[in-house]
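Only heavy atoms go into these numbers, but all of them, side chains included; no hydrogens, no water, no symmetry mates. On a predicted model such as this, the values are computed, not experimentally measured, just so you know. Protein chains get the first letters and strands the later ones, always in sequence-line order, with residue 1 at the start of each.
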Amino acid sequence: MSDSKYITLISYDGFEFVVLREAALVSETIGAMLRGPFREAQTGRCEFGEIRGPVLEKVVEYFHYHYANRNQTDVPDMDIPVDICLELLMAADFLGLDSKPQMRDIS
Amino acid sequence: MASRNRPRPIRRPLINKDAGGFDQCWATLQSAMTDIHNKNASKLSFENLYRASYKITLVKRGEELFEKVKEFETEWFHKHIIPGVDELVRNNLPSIALIQLATSSSHERREAGERLLRGIRKIWEDHNTSMNLIADMLMYLERSCVETKQASVYATTIGLFRDHILKYGLKDVDGSDQPFIIMDVVIAVVLDLINMDRDGDIVDRNLLRDITGMLEQLYETDEEKENEKLYTTIFEPRFLAASEVFYKAECEKLLRESDAGSWLRHTRRRLLEEEERCVTSVSNSTKDNIAAVLEKELILAKMDEFLAMEGSGLKAMVDNDREEDLGILYQLISRIDKSKNTLKTSLMGRVMELGLEIEQTLKNTDFSAPAAAGAAGEGEEGAEGADKPKALSPVAQQTAAAIKWVDDVLKLKGKFDSMLENCFSNDLIIQSAITKSFADFINMFDRGAEFVSLFIDDSLKRGLKGKSDEDAEVVLQKAIILVRYLSDRDLFERYYQKHLGRRLLHNKSEIHIEKELVRRMRAELGNHFTAKFEGMFKDMELSKDLSTNYKDHIRNLGDDDRKSTELAIHVLTTNFWPTDVMGRGVLQDGDASRSDCIFPPSIKRLQESFYKFYCQDRSGRVLTWVPSTGSADIKCFFPKVPGKESGPLSKDRRYELNVSTYGMIVLMLFNDLANDESLSFEEIQLKTNIPIPDLTKTLTSLSVPPKFRVLAKEPLTKSVKPTDKFSFNAQFVSKQIKIRVPVISSTSRVEGTEERKETERKNDQTRAHVVDAAIVRIMKQRKELSHTQLTTEVISQLSGRFKPEISLIKKRIEDLLAREYLERMEGDTAAYRYLA
């Protein structure tokens with residue numbers, strides 16, 4: 001089981017993003033993925049079969065944005081390109097990013 | 001790029017059509033679940049499984065999936081788990097059957113029981129892990145469940161364990177028709193193991209904790225209501241019931257085979273053990289309940305029996321100062337009863353018994369042995385006359401008895417004080433109970449007030465000479481403790497006044513200690529109680545100044561007569577001093593005979609001169625001379641005896657005699673007499689007009705003891721009779737120049753029966769006046785009052801001084817009715833009205 005500080009997120013079209021593990025744990029889905037005995041937890045590589053590279057990139061940007069501002073209240077909005085917003089919304093739902101109240105406060 | 005500025009069309013999210021389809025997704029999930037159960041999950045991609053359940057949920061077939069999962073798990077239990085459980089239980093079955101039969105050794109039973117529990121724990125843990133993973137896998141479904149308010153996936157799947165394993169009935173065991181429910185078996189084994197643990201066997205407590213923990217994680221229903229944990233609804237009641245049975249039996253065994261001391265220790269140990277058990281074996285939430293069971297079965301149930309035990313019960317603990325036992329007892333009783341009634345009543349009873357015992361011992365002790373009494377009685381010797389020289393007079397014995405009584409009471413008090421501090425953590429309830437019992441038995445003893453005053457008198461007079469301040473402090477504290485208990489304070493005041501008066505006039509004690517004691521009494525009992533004592537101190541101080549001033553006055557007059565007599569006077573205010581000191585005690589004998597004792601002319605002149613001086617700035621005051629309490633220093637000249645050539649008698653001798661005022665008057669008579677003349681008792685009485693009892697004492701002290709035989713008596717017997725003749729003893733010799741002739745009756749002592757009746761009669765008289773005053777005061781304020789209310793008010797007003805008898809109050813009311821201070825109300829004879 002890999003317990004490195006970083007994990008790798010992989011989009012279905014092959015883009016790989018190395019993310020701070022702690023930042024990625026904002027996603028409930030990724031949390032469950034990494035805590036069990038599953039393959040992702042063993043390898044530290046999470047492949048997402050239905051998320052495109054640009055979308056995953058924005059997700060990763062959000063992870064770090066959230067992580068950097070985790071203890072602050074007054075933070076600037078993140079820039080969301082309109083053309084991927086629907087995909088981004090679905091990815092957020094898939095990743096369980098809306099399930100914790102604290103996230104709603106910030107986003 | 002130019003295209004940046006133009007909004008791009010929103011892309012439709014990509015949905016992977018080829019992976020869709022319920023059946024395909026379910027097949028993926030199903031095989032994954034099998035792998036999870038078989039612990040093969042590491043090859044699975046979580047994302048894949050999650051996405052499968054995500055898709056099913058998206059197409060609104062989540063509930064269908066949920067049902068499928070339940071079906072799968074149920075089937076899994078039946079196919080793979082239950083046969084194992086069945087076998088496990090059957091193999092270890094002796095343990096179940098034997099809970100009822102209890103034939104095999106506890107060792108076997110324990111082994112089998114632990115094997116069974118371990119098996120169950122293993123199944124539980126595996127199931128729990130699998131269900132956690134499956135719940136993670138179905139997380140997306142779970143989220144939608146939250147929205148629809150369904151029980152969660154985890155709660156449901158974990159509930160399956162309860163429904164299919166714990167509630168599984170094992171059939172055909174031992175030919176019994178009733179199926180064994182697994183949960184019953186498990187709980188019975190747990191309880192059996194706990195009992196073994198209680199009996200001292202070593203059992204696997206972690207195992208027990210895991211099993212009870214399992215019951216804590218499972219609920220009656222899938223809604224998981226907080227108060228419906230299986231632990232709370234099923235295990236805990238059984239656990240408590242089993243504990244009750246266990247401890248009931250244990251307590252009865254202790255009662256049969258053991259004593260109160262080991263009962264206390266055992267109970268304390270059990271309480272600690274059970275508290276610990278709530279951490280090691282069962283849930284912490286049971287702590288209060290199991291403690292309640294212990295308190296009921298081990299403490300409360302048989303407490304009275306244990307406390308009454310001969311040789312180890314409360315009586316023995318108190319008598320033998322078993323402070324540790326009492327301390328535990330206090331802790332235990334505090335647990336079950338905040339007001340500690342049992343302990344309180346028992347202690348109060350014991351204090352009373354011990355207190356009465358002191359009184360009883362006092363009655364049975366023979367104080368004629370002089371050892372205990374010491375010097376207290378010596379002064380009485382002469383007065384009592386006929387007694388054997390060494391044995392103590394009955395009066396002195398009484399004094400010794402008083403001191404012994406006080407000592408015993410203080411010892412008892414000390415014992416209970418240390419008990420209070422060491423065992424009862426200075427509990428206020430206990431403290432006031434003990435104090436009350438002390439007050440009760442001290443006041444039941446009818447001479448308490450007198451004895452306390454005597455004790456103080458004795459301590460201050462003899463005890464403190466040459467002792468440090470700390471010792472004095474101890475005495476003061478003891479005195480105050482005792483005074484605090486007395487309820488007949490007026491009686492005590494009377495005795496104390498009398499004793500204090502004697503001490504002050506004869507200068508027998510340290511004045512600063514006296515003052516300190518009175519100051520403390522004032523703090524305890526209030527101003528009105530000590531007003532008289534303070535008046536006495538003031539008189540003493542004023543008198544000292546007066547004597548000095550008078551001396552100066554005489555010197556200034558220039559009238560420096562060689563033969564003048566120095567005067568040290570105590571001017572006493574009548575109200576402050578006890579009546580017998582003031583010479584008013586003999587009023588009944590006729591007024592005239594008392595004060596008009598005939599003083600020698602020289603003294604008479606002195607008195608007149610002083611009176612003149614005194615009235616210079618205090619005109620109108622009357623001074624009454626009280627010879628019975630004074631003393632005089634006389635210089636005596638004994639000429640050499642003719643015919644003696646050697647020895648002390650051959651020279652002139654000068655002695656300074658310190659005698660009582662009466663003694664001085666008597667001796668002065670002999671100044672005018674020729675050496676060979678004598679005076680008879682009657683003649684002396686006639687010439688001096690000293691009351692006969694006082695004269696008898698005076699003459700006895702001057703003529704009977706060889707050391708002080710200034711007067712020769714004819715015949716030479718040990719007691720003075722009215723027919724005796726007295727003459728100047730020219731042959732008197734003493735080694736000392738200054739001779740102090742003991743002043744008779746200057747020692748305070750216990751009163752004889754007669755005297756005591758007299759004191760009580762006087763006290764009752766005073767009380768009658770005090771009650772009168774109280775009634776009038778109350779009625780003046782209230783105008784109308786019923787009999788009962790009036791009585792209550794009187795008692796509460798006087799509670800600081802004494803407890804008036806109801807009959808006394810009634811009598812005083814009647815008296816006041818007769819004297820028309822009050823009248824009965826019309827139509828209601830039990831109520832009164834105040835008449836102005």
Side-chain angles (χ1 to χ4, degrees), chain A residues 1-2 7-14 24-25 27-59 79-101 103-104, chain B residues 3-20 25 28-29 32-33 35-55 57-58 126 128-147 152-154:
Chain A
M1 183 174 185
S2 160
I7 54 167
T8 311
L9 307 183
I10 301 152
S11 73
Y12 93 99
D13 44 2
L25 286 181
S27 156
E28 217 184 329
T29 309
I30 294 181
M33 209 175 270
L34 294 174
R35 96 170 86 94
F38 299 100
R39 197 172 68 207
E40 286 90 340
Q42 308 286 323
T43 57
R45 292 170 65 83
C46 310
E47 284 178 57
F48 294 94
E50 293 188 1
I51 302 180
R52 287 193 312 125
V55 180
L56 192 57
E57 182 186 15
K58 206 68 191 166
V59 168
D79 180 42
I80 309 281
V82 181
D83 58 342
I84 58 162
C85 67
L86 191 56
E87 280 176 284
L88 202 54
L89 210 56
M90 286 183 70
D93 180 46
F94 182 83
L95 290 170
L97 288 175
D98 62 341
S99 61
K100 288 182 197 165
M103 307 237 208
R104 273 179 214 127
Chain B
S3 60
R4 280 268 173 209
N5 300 327
R6 188 163 41 89
R8 291 189 196 167
I10 294 173
R11 279 187 67 123
R12 293 226 33 213
L14 169 146
I15 290 182
N16 203 343
K17 296 271 189 305
D18 56 322
C25 287
T28 317
L29 289 173
M33 282 161 73
D35 284 340
I36 286 172
H37 276 296
N38 292 330
K39 302 197 163 91
N40 274 333
S42 62
K43 290 194 184 65
L44 300 169
S45 158
F46 179 83
E47 198 265 351
N48 220 353
L49 302 173
Y50 177 80
R51 193 142 44 85
S53 74
Y54 167 78
K55 286 200 168 151
T57 315
L58 279 190
D126 289 351
N128 199 11
T129 320
S130 305
M131 288 314 111
N132 269 313
L133 294 181
I134 290 172
D136 277 351
M137 195 171 87
L138 302 179
M139 194 182 270
Y140 196 84
L141 173 66
E142 181 117 12
R143 268 186 239 146
S144 69
C145 286
V146 173
E147 277 152 33
S152 75
V153 176
Y154 177 73

**Item:** B/Leu133 versus A/Gly36, closest heavy-atom pair with distance
**Value:** CD2-CA, 3.9 Å
**Prompt:** At their closest point, which heavy atom of B/Leu49 faces which heavy atom of A/Phe38, and how far apart are they?
**Reply:** CD1-CE2, 4.0 Å
I need the [X] [atom1] to [Y] [atom2] distance, nearest 0.5 Å.
X: A/Glu40; Y: B/Tyr50; atom1: CD; atom2: OH; value: 12.5 Å
X: A/Met33; Y: B/Ser45; atom1: CE; atom2: OG; value: 7.0 Å
X: B/Asn132; Y: A/Arg35; atom1: CG; atom2: CZ; value: 8.0 Å

**Message:** Out of the candidates A/Thr29, A/Leu34, A/Ile30, only one should pair with B/Phe46 under the side-chain contact (heavy atoms from CB on, under 4.5 Å) rule; please name it.
**Reply:** A/Thr29
**Request:** Mark yes or no for whether B/Glu47, through its side chain, and A/Cys46, through its backbone, hold a donor-acceptor pair below 3.5 Å.
**Result:** no
**Message:** Between B/Arg51 and A/Glu47 (salt bridge meaning N to carboxylate O under 4.0 Å), is one present in this structure?
**Reply:** no
**Request:** Return the option, out of B/Lys43, B/Met139, B/Met137, B/Lys39, with the maximum number of heavy-atom pairs under 4.5 Å with chain A.
**Result:** B/Met139
**Prompt:** Between A/Phe94 and B/Tyr140, does the ring centroid distance fall short of 6.0 Å?
**Reply:** no
**Request:** Could you check B/Ser42 against A/Arg39 for side-chain contact (heavy atoms from CB on, under 4.5 Å), going step by step and ending with a plain yes or no?
**Result:** CA-CA 5 Å; B/Ser42 62; A/Arg39 197 172 68 207; over 6 Å; no
